[in-house]
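Taking it in order: structure first as structure tokens, then the write-up.
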Amino acid sequence: MDRIIFHIDVNNAFLSWSAKYLLQNGSKLDIREIPSVIGGDEQRRAGIVLAKSTIAKKFGIVTGETLYSARRKCPGLKIYPPMHTFYQEQSNLLFNYLKNYSPDIETFSIDECFLDYGKVKKLYGDQLSFANKLKNEIKEKLGFTVNIGIGNNKLCAKMASDFSKPNQVHTLYMNEVEEKIWPLPIEELFGIGRKTSPKLHDLNINYIRDLANADYSALYPYFKNQTAILIDKAKGIDNEPVISERPEYKGVSNTKTLPKDLTTKEEIFNALRGVAENIGISLRKDNRYAKVITIILKDCYFKVYTHQKKLKNATNLNLEIFNIAKKLVNEIWDETPIRLVGIRADNLVNELNYQVSLFDSFEDVKKLSKLDETVDKLKDKYGIDIIKTANSDK
DNA sequence: TCTGGGGTCCTAGGACCC
DNA sequence: TCTGGGGTCCTAGGACCC
């Protein structure tokens, strides 16, 4: 029995959502109709394109490029700042709307999800007409447009939703794979990025068709255990199920690009203090504890270093995370100016099984834990900025 | 390149143990 | 030990995605 999967993808999500916000708040201009982008803050050295309008795209502007470069391609370009809180609300609105029709929805990112239509087809009938109805309803009721891709698995549904935009429904069933995606350049295949495509071109594999028909043993030396997966993808084969319960996340990270490169340990520690707090807050919100703490440093040449420590006792305490991070910096930083600092917490557990050692006591941990919880509650009540750790705002 | 932030998964080398 | 092979864990880095 063939599966029927929908992939629902908001068109130019950040830009569409900002357009909706501006229209709702009295603007006469729909920024979807002009050359415009959502962009980061250039002063804070985060000046890249996060989303672009269809017209901006016609100027050759791509997501991820610098605003400087985007402006050069299109001198009249309008740049708007991101509104992450509003985006999250719109995302929730969309997914909750879809849940009216089916509980079998897998959230893939803030603006994309999969829906297992096969399970509800008896209720709603033919998938193509239902997808069209759904797309029109979303536009009318939510004020932004989506693409819907229909396929026999998640990979095909996702590829289909990308065909032509905006506000379109496309199908890519198994028996359409040859006709619809084999003629496309290899870069268009989901999972082929900027490192893999040159390797494939070197092997004279330029179109998805070439990969689908490639010889496994010829590719194996270059792609090892990924070879079969790669060839399967080109054939449109994918057996991943739609998973509606979001799996517990495996780690949390928080990074900060600094307005200026940091050249002293004190500056790095100061930047890390706030990052450690954010990690602690995320972990405590879900009652989780990390057994591995990693620091991330990006130097002024964009080289990234990581260094990690496995803990005897899992933690979610701001102070402990911060102290470990400091120690890790001491162990690896070679004085190269630092552009970005970050911390990642991994190997998460749900309970604190405390191994008593000679050097720390469970009582101390409980005291610190109380302190963090109290601060979290105050921040929740009065806003994030009400309490600052000494030095964190220098 | 005037080049973000938050995730997941994979790989390769070394340590350690049997 | 003049020492082999395999399994597991740990660590750092890399690829890819939105």
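Note on naming: letters A, B, ... go to the chains in the order of the sequence lines (proteins, then strands), and numbering restarts at 1 for each one.
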Touch class at under 4.0 angstrom, heavy-atom based, for Gly193(A) against every strand present: sugar-phosphate
Protein-nucleotide distance (Leu200(A), atom CG; dC16(C), atom C1'), rounded to Å: 14 Å
First of Gly64(A) and Val252(A) reached from the 5' end of DNA chain B, by closest nucleotide: Gly64(A)
Heavy-atom neighbours of Lys121(A) NZ exceed 12 at 6.0 Å: yes
Tyr80(A) vs Phe14(A), ring-ring contact (aromatic ring centres under 6.0 Å, His included): CA-CA, chis, key distance, verdict: CA-CA 10 Å; Tyr80(A) 297 87; Phe14(A) 286 6; over 10 Å; no
Quiz item: cation-pi between Lys199(A) and Tyr222(A), 6.0 Å / 45°: no
Phe163(A), CZ atom: more than 12 neighbouring heavy atoms under 6.0 Å: yes
Whole angstrom value for the distance that separates P of dA15(C) from CZ of Arg194(A): 7 Å
Whole angstrom value for the distance that separates P of dT3(B) from NZ of Lys298(A): 10 Å
Any Arg72(A) side-chain N or O less than 4.0 Å from OP1/OP2 of dC2(B): no
Phosphate OP1/OP2 of dG4(B): any Arg339(A) side-chain N/O under 4.0 Å: yes
Spacing of Leu50(A) atom CG relative to dT3(B) atom C1', expressed in whole Å: 12 Å
Residue from Asp238(A), Asn239(A), Leu172(A), Ile237(A) passing side-chain contact (heavy atoms from CB on, under 4.5 Å) with Leu155(A): Asp238(A)
Neighbour count above 12 (heavy atom, 6.0 Å) for Lys256(A) NZ: no
Side-chain ion pair, Arg284(A) and Asp372(A), N-O less than 4.0 Å: yes
Nearest listed nucleotide, side chain of Lys195(A), among dG4(B), dA15(C), dC2(B): dA15(C)
Phosphate-side-chain proximity, Lys158(A) and dC17(C), N/O vs OP1/OP2 below 4.0 Å: no
Nearest listed nucleotide, side chain of Thr196(A), among dC16(C), dC2(B), dC18(C): dC16(C)
Sugar-phosphate, base or nothing in reach of Arg44(A), heavy atoms under 4.0 Å: nothing
Separation of atom CD in Glu106(A) from atom C1' in dC17(C), rounded to whole Å: 13 Å
Lys20(A) atom NZ, neighbour heavy-atom count above 12 within 6.0 Å: yes
Complementary nucleotide of dC18(C), counting Watson-Crick and G-U pairs under 3.5 Å: dG5(B)
Enclosure of Gln43(A) CD (heavy-atom neighbours >12, cutoff 6.0 Å): no
dT1(B) pyrimidine/purine six-ring stacking with Tyr68(A), under 5.5 Å and 30°: no
Sugar-phosphate only, base, or nothing, as touched by Gly251(A) at under 4.0 Å among non-hydrogen atoms: sugar-phosphate
Trace of the salt bridge (charged side-chain N to carboxylate O under 4.0 Å, His left out) decision for Glu248(A) with Arg288(A): CA-CA 10 Å; Glu248(A) 285 195 312; Arg288(A) 310 201 73 191; 3.4 Å; yes
Sugar-phosphate only, base, or nothing, as touched by Asp41(A) at under 4.0 Å among non-hydrogen atoms: nothing
Whole-Å distance separating the CD atom of Glu188(A) from the C1' atom of dC16(C): 16 Å
Summary of protein contacts for nucleotides 5-12 of chain C, nucleotide by nucleotide, where a base hit scores B, a sugar-phosphate-only hit scores S (4.0 Å, heavy atoms): -----SBS
Protein-nucleotide distance (Asp261(A), atom CG; dT3(B), atom C1'), rounded to Å: 13 Å
Nearest-Å distance once atom C1' is located in both dC2(B) and dC18(C): 24 Å
Glu140(A) atom CD, neighbour heavy-atom count above 12 within 6.0 Å: no
Arg45(A) CZ - dG4(B) P separation (whole Å): 9 Å
Touch class at under 4.0 angstrom, heavy-atom based, for Leu340(A) against every strand present: sugar-phosphate
Contacting residues from residues 213-226 of chain A, given that a heavy atom lies under 4.0 angstrom of DNA chain B: Lys224(A), Asn225(A), Gln226(A)
Sugar-phosphate only, base, or nothing, as touched by Leu67(A) at under 4.0 Å among non-hydrogen atoms: nothing
Of the listed nucleotides dT3(B), dC18(C), dG13(C), the one nearest the side chain of Phe302(A): dT3(B)
